[in-house]
Structure formats: structure tokens, C-alpha cells
Amino acid sequence: MPQDWQRYLLLIGLAVLAYLLVLQWNEDYGGVSEQQMEDYAPELSSQTEGDSPLGLEPKEDRSDVPDASLLARTQARAPREVDEEQGQAVHVNTAVLDIWIDLVGGDVVRARLPKHPLSLETPDIAFPLLDRGNGREYVAQSGLVGPDGTDDASGRPVYRSARQSYTSQEGQTLEVTLEMLPKLGKEHVRVEKVYRFAHDDYLADLQYRVTNTGSEVARVNLFAQFKHDGGEALAGESSGLGPRPYVGAALQTRDDRYFKLDFDDIDDGPFQERLQGGWVAMLQHYFLGAWIPPAADLNSYVGRKTGDGGYAVGLIGPEQVVAPGETRAFGAELYLGPKNQRRLQEIAPDLNLTVDYGFLWWLAVPLFRVLDWLHSFVGNWGFAIILLTFLVKLVLYPLSNAGYKSMAKMRQVAPKMKQLQERYSDDRQKLSTEMMALYKREGANPMGGCLPMLLPMPVFIALYWVLYESVELRQAPFALWIQDLSEIDQFFVLPILMGASMFLMQYLNPPPPDPMQARIMKAMPIAFTVLFLFFPSGLVLYWLVNNILSLAQQWYITRKIEREAAKPGTGKS
């Protein structure tokens with residue numbers, strides 16, 4: 001066996017070994033195990049002293065409750081794990097959400113998504129979006145602060161519910177009412193915290209009903225926030241060698257329709273922004289949680305560190321003035337679910353931008369819409385990708401056609417170029433002059449095959465982000481062994497076919513004149529094959545189909561130019 005091929009096989013063997021090691025590492029250390037997801041209950045709060053609010057000033061002791069400028073501060077405490085069967089949580093189950101609400105504070109401390117399995121191997125285990133337990137915390141909190149707020153220095157309020165478990169029915173809205181128990185110093189404020197869930201929607205409505213039984217006006221502000229421990233997503237999504245999925249906050253600001261506020265930014269100092277309407281979200285790969293206040297409200301958006309080292313990102317609503325004997329209702333909406341662009345756009349302006357396609361979003365968004373439209377006809381995302389590749393090649397045909405013609409002409413003049421290199425091997429200036437004359441005489445342009453091929457690159461990059469970021473392709477099957485287009489091809493069939501198509505394309509291309517460049521070009525298909533072993537199969541499918549179409553187009557143009565050159569009277573036979 002030639003020595004070069006021995007090296008290539010060794011590289012492939014090392015790549016396969018590295019892949020197997022990565023799989024084993026993910027199985028051993030990759031996030032929460034399936035058994036853990038089944039076994040542990042969410043940690044529920046206990047009502048103790050010390051749940052103080054926190055101001056925006058960088059201070060040592062910070063708690064979950066915002067706005068410490070109004071209240072004293074004390075040391076925050078960590079939640080205590082309590083058996084959920086003791087009645088300290090309310091379980092709510094709909095067709096798309098399975099959540100637990102802690103009766104201390106009324107926070108959503110667990111949210112699972114039954115329509116999105118944790119993995120294809122565990123279809124009965126729902127994807128965990130929110131959870132608190134086993135050293136991890138990502139919860140959706142809400143409460144009342146201000147002069148008469150119930151979430152203050154003495155702690156979070158305690159609620160009671162008529163039932164411990166709620167299940168929605170198709171076509172109906174499920175209403176979960178939590179009634180606040182009397183709280184020392186707040187006897188004049190009666191609070192009902194009401195969650196409303198549609199049977200098949202990820203958007204829930206939160207409403208506070210505040211009744212003032214005192215003789216003076218009561219003033220309260222709604223706060224709604226996400227608390228996150230700052231770690232990776234509870235259930236990580238495989239990304240192969242692609243970019244690392246973003247885990248952090250995002251919101252609207254006065255200057256930006258979509259502003260990322262990551263945990264490192266909050267480490268540098270608290271964040272605050274005032275904006276009418278807007279929204280605030282906590283993002284991870286494919287999924288998000290978002291608080292959406294009424295569009296007419298002027299809100300303060302806040303990002304800060306908490307006393308236990310976590311992060312709280314959310315909003316504080318405008319002051320609500322409740323007259324004696326009056327009941328006032330106000331609230332916000334809570335979305336917990338997948339990054340479905342169409343639904344997010346319906347919920348709030350620019351919320352769909354949380355599907356982050358990078359700097360080429362303006363190109364990626366219409367590409368996704370075309371892909372979604374094709375899927376509505378074929379019903380298979382793999383075939384939709386193939387059809388989209390055909391459409392992209394059709395649109396870019398004039399550019400690629402010019403490039404392939406240039407490469408075909410370069411292939412045609414390659415023997416004459418080799419003769420010139422042998423004739424003027426000792427005179428590089430003369431060689432350069434003769435080569436330019438040859439290009440001009442034969443109508444060949446060495447740069448003609450490069451520039452037209454570079455112009456479509458923005459489309460390729462945008463398509464990469466479309467296939468990488470769209471939740472619609474998560475666990476989407478194609479055919480045969482490809483049962484998840486967002487995961488790598490376990491049998492390496494698509495990457496190997498892609499590498500073989502690159503070898504065939506090189507056969508049709510003129511060899512580089514420089515021997516070193518020629519060796520590098522020969523190694524490129526192997527290098528790309530190894531690289532694509534770790535790419536999601538949907539991406540590899542796109543590149544494979546693109547290569548096949550390019551190969552067919554290049555072969556046709558090359559044969560056409562060779563036939564024309566061989567005709568009598570052309571002088572080029």
C-alpha cells in the first residue's frame with residue numbers, strides 16, 4: 001500500500017476513535033442522566049426569614065427579589081429540598097406542558113415539554129426546560145414588590161390551592177388560582193395569583209388580583225424574572241463541531257430589537273433598562289423561556305447576580321395603586337417552549353429573533369421560510385432540504401455556470417501549461433509572460449473559477465445557521481438510518497459519500513501547477529470527510545446534495561467545451 005494512503009487511513013482511524021471517545025464522554029458526563037430526570041423531585045422553598053430583595057448596586061448579599069432600594073437587605077438562603085407530595089407544590093399538566101408551581105412564592109420551579117422527548121432513545125421522558133434540584137437551578141419567578149409588596153425582607157409569601165393537581169381538557173383554558181395566606185404586616189393586602197393555561201399552547205397567562213382591605217392606598221409593583229445558575233442547559237443538545245449553543249438572556253432595548261445579555265456581562269455589573277412593552281427571555285439551544293408584559297406598560301428590565309452566585313434577569317412593572325376597598329388585576333405572559341418562529345412572532349414583536357441566525361439573519365429567515373414551505377408539501381425535512389438545495393443551485397446557476405466554464409477551459413489548457421513549465425523552468429519571468437499569453441489566446445481566466453464560487457458563500461453560511469438553529473429539525477427523521485437530522489450520522493455514510501463527491505470533483509478540475517498545492521488539494525477531501533463526521537446529518541445532507549449537483553453541472557460543462565474544442569475548424573483539437 002502506498003505510504004500516503006497509509007497516512008490517510010491512519011487519520012480516518014484516529015478520527016473514528018476520537019468520535020467514539022466523545023460519545024462515551026457525553027454518556028458519562030453530559031448533563032443530567034435519564035435516571036436523575038426520573039428520580040429527583042424539584043427543590044421546593046421553605047418559608048424562613050432572610051428572603052430579602054436586592055438593589056441594582058453591586059453588593060455582597062443579594063437575594064431573589066429585586067428592588068432593594070425600598071427594603072432592607074439580608075442574606076439570601078438556598079432552597080431546601082422537600083418532598084413534593086407534602087403539598088408544597090401544585091402539579092399542572094397540559095398537552096404540551098408538565099409543570100410544578102412552588103406554593104412558597106408561587107414560582108414555576110419545573111417545566112417539562114412532553115411533545116419534545118429528551119432523546120429518541122427515551123421517548124417517554126419529556127425535555128426538561130426549567131428545574132431546580134441536584135445543584136442546578138433555572139426557574140421562572142414572579143411576585144410583588146414596592147411599599148406594600150408581599151415579596152419583601154421578611155420572605156416570600158405562602159399560597160394555598162384548592163387542588164394539588166390540575167389537568168387540562170382539549171378546547172378549554174385551565175385556570176390555577178393560588179390564594180395568599182395572611183402575612184404579618186401585610187394583612188391589608190389580599191392577593192390571588194392566577195395562572196391560565198391553554199390545552200395546546202406553550203404561552204401561559206399570569207394575573208395578580210390585589211384587593212386592598214385597608215384604609216389607605218396600597219402600592220405594589222409586579223416583578224417577573226428568570227433565575228439561572230449560570231451553567232449549561234439542564235439537558236444539553238449535541239452540537240458536534242459546530243458553534244457552541246448560546247445559554248443566556250436576551251431582551252429588547254431602546255437601541256436594539258434583539259440584545260444578548262450573557263452571564264459574563266452581568267458579572268461585570270448589574271444591567272438596567274427602561275422600555276415600554278418589550279420582553280425578556282432566557283435562551284438555550286432550540287428552547288427558551290420568556291416573560292412578556294403588556295405592551296402599554298413602562299417596565300424596568302434588570303439583570304443582576306443573586307446571593308447564591310446565580311443570575312436573575314427579568315422586569316419590574318409600573319407601580320399599581322390600589323385604592324381602599326378596590327381590587328386591581330394586572331400581570332404578564334410566560335412562554336416556556338420551543339423556538340417556533342411563527343408562534344413567537346405572534347406573541348410579541350421581534351421575539352422571533354431569539355432564533356439567532358447570526359449576522360446573516362436577513363438571508364437565513366427567507367431561506368427557512370422556503371424550507372418550511374417545501375416541508376408543508378413533502379412532509380419530510382430531509383426531502384425539503386434536498387429540494388431547497390435544488391432551488392438554491394437554480395438561483396445561483398448563472399454564477400456557478402461561469403465558474404465551471406472557466407475551470408473547464410483551465411483543464412483544457414493544462415497540457416500546454418505543463419509544456420511551458422518544462423520549457424521555462426529556469427526563467428520564472430518568461431514563464432509568467434508566456435502563461436498570461438496562453439490564457440489570453442485560449443480565452444481562459446485562472447481567477448474566473450474563483451470569484452463566481454465565492455459570491456454564493458453567504459447563502460451557504462446562512463443555510464448552515466438555518467439547519468443548525470431551527471428546532472423543527474430537532475429529532476426530525478429523514479430515511480433509513482437517519483432518524484434525527486440534528487444529530488451526526490452514526491454510521492458515517494453521508495460524510496463518506498460527501499468526501500467521495502469531492503474526490504470526483506477534483507478529477508474534473510485542472511490540477512494546480514504547484515506540486516505542494518496539488519498535494520494539499522488531494523488531502524482536502526479526506527480532511528473535509530473527517531470534519532463532517534461530527535456535523536449534524538442535515539448539514540451533511542445539504543453539502544452532499546450540493547456537491548452532487550455541482551459535479552453534474554461541472555461534468556456537463558466540461559464535456560460540452562471539450563466537444564466544441566474537438567470540432568473541425570476550431571483549431572483546438
Side-chain angles (χ1 to χ4, degrees), residues 113 116 129-130 138 140 201-204 224-226 228 233 237 239 242-266 271-303 311 313-315 332-373 375 458-474 486:
L113 311 178
H116 296 269
L129 182 58
L130 303 185
Y138 172 24
D201 196 356
Y202 296 97
L203 183 67
Q225 65 186 22
F226 293 104
H228 201 289
E237 295 289 336
S239 60
R244 187 178 181 181
Y246 175 71
V247 177
L251 67 157
Q252 278 187 324
T253 68
R254 289 188 298 267
D255 300 323
D256 296 292
R257 298 164 58 200
Y258 172 66
F259 177 76
K260 281 184 176 181
L261 179 65
D262 59 36
F263 300 131
D264 290 337
D265 294 333
I266 299 175
F271 170 87
Q272 186 174 17
E273 175 90 8
R274 287 182 67 80
L275 181 69
Q276 182 174 352
W279 47 265
V280 60
M282 190 67 71
L283 312 182
Q284 65 187 67
H285 200 196
Y286 296 133
F287 303 97
L288 83 159
W291 283 108
I292 307 99
D297 286 358
L298 181 61
N299 305 287
S300 293
Y301 289 90
V302 180
Y311 301 86
V313 181
L315 62 95
E333 293 180 310
L334 174 62
Y335 181 88
L336 300 171
K339 295 179 182 178
N340 185 301
Q341 299 176 57
R342 186 180 294 107
R343 183 68 182 110
L344 295 178
Q345 192 170 20
E346 294 172 352
I347 293 173
D350 301 322
L351 186 57
N352 60 307
L353 296 182
T354 53
V355 184
D356 192 354
Y357 288 144
F359 69 98
L360 289 175
W361 62 267
W362 51 271
L363 183 58
V365 169
L367 285 174
F368 171 78
R369 289 177 178 173
V370 173
L371 183 65
D372 191 29
W373 176 73
H375 176 261
V459 178
F460 299 154
I461 297 174
L463 274 174
Y464 174 89
W465 283 102
V466 166
L467 300 177
Y468 179 79
E469 270 289 302
S470 302
V471 68
E472 289 81 359
L473 275 81
R474 179 184 184 266
S486 68

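Quick note: residue numbers are just sequence positions, from 1.
Here the closest non-hydrogen pair linking L360 and P458 is CD1-O, 3.4 Å. In plain terms, the two heavy atoms of A281 and F226 that are nearest each other are CA-CE1, 4.4 Å. Residues P245 and H285 come closest through the heavy atom pair CB-CB, 3.5 Å. Minimum heavy-atom separation, A348 to I292: CB-CG2, 4.0 Å. Shown here for A462 and L367, the closest heavy-atom pair between the two residues is CB-CD1, 3.9 Å. Taking each heavy atom of P293 and G277 in turn, the nearest pair found is CG-O, 3.7 Å.
With sequence neighbours excluded, no residue forms a side chain to side chain donor-acceptor pair (under 3.5 Å) with N340. Residues forming a ring-ring contact (aromatic ring centres under 6.0 Å, His included) with Y311 (at least two apart in sequence, or on another chain): F263. Residues forming a side chain to side chain donor-acceptor pair (under 3.5 Å) with N352 (at least two apart in sequence, or on another chain): none. Under the ring-ring contact (aromatic ring centres under 6.0 Å, His included) criterion, Y138 pairs with H228, not counting sequence neighbours. Residues satisfying the side-chain contact (heavy atoms from CB on, under 4.5 Å) criterion with A249, sequence neighbours excluded, are L261, M282, V313. Q341 meets the side chain to side chain donor-acceptor pair (under 3.5 Å) test with Y357; sequence neighbours excluded. Residues meeting the side-chain contact (heavy atoms from CB on, under 4.5 Å) test with D255, sequence neighbours left out: T253. In this view, D201 and R343 satisfy the salt bridge (Lys or Arg N to Asp or Glu O under 4.0 Å) rule, not counting sequence neighbours. Judged as a side-chain contact (heavy atoms from CB on, under 4.5 Å), and not counting sequence neighbours, the contacts of P338 are H116, Y202, F287, Y335, V471.
Between H375 and F368, the ring centre distance reaches or exceeds 6.0 Å.
Side-chain atoms of D262 and D265, non-hydrogen and from C-beta on, do get closer than 4.5 Å to each other. Taking the side chain as every heavy atom from C-beta outward, L467 and L371 approach each other to under 4.5 Å.
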Run the side-chain contact (heavy atoms from CB on, under 4.5 Å) check on L344 and L288 step by step: do they pass?
CA-CA 10 Å; L344 295 178; L288 83 159; 4.2 Å; yes

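Of the possible polar contacts, one joining the K339 side chain to the Q284 backbone as a donor-acceptor pair under 3.5 Å is found. No donor-acceptor distance shorter than 3.5 angstrom exists from the side chain of D297 to the backbone of Q276, with no hydrogens or angles considered.
The side chain to side chain contact (heavy atoms under 4.5 Å, CB included) test with L251 is passed by exactly one of Y258, W291, F259: F259.
Screening residues 272-291 for salt bridge (Lys or Arg N to Asp or Glu O under 4.0 Å), with sequence neighbours left out, gives R254-E273. Residue pairs meeting the salt bridge (Lys or Arg N to Asp or Glu O under 4.0 Å) criterion with at least one partner in residues 348-373, sequence neighbours excluded, are R257-D350, K260-D356, R342-D372.
Ring-plane geometry between Y468 and W465 is classed as perpendicular, the angle between the planes exceeding 60 degrees on a 0 to 90 degree scale with a lower cut at 30.
For the atom pair CG (L336) and CG (L203), the distance works out to 9.0 Å, reported to the nearest 0.5 Å.
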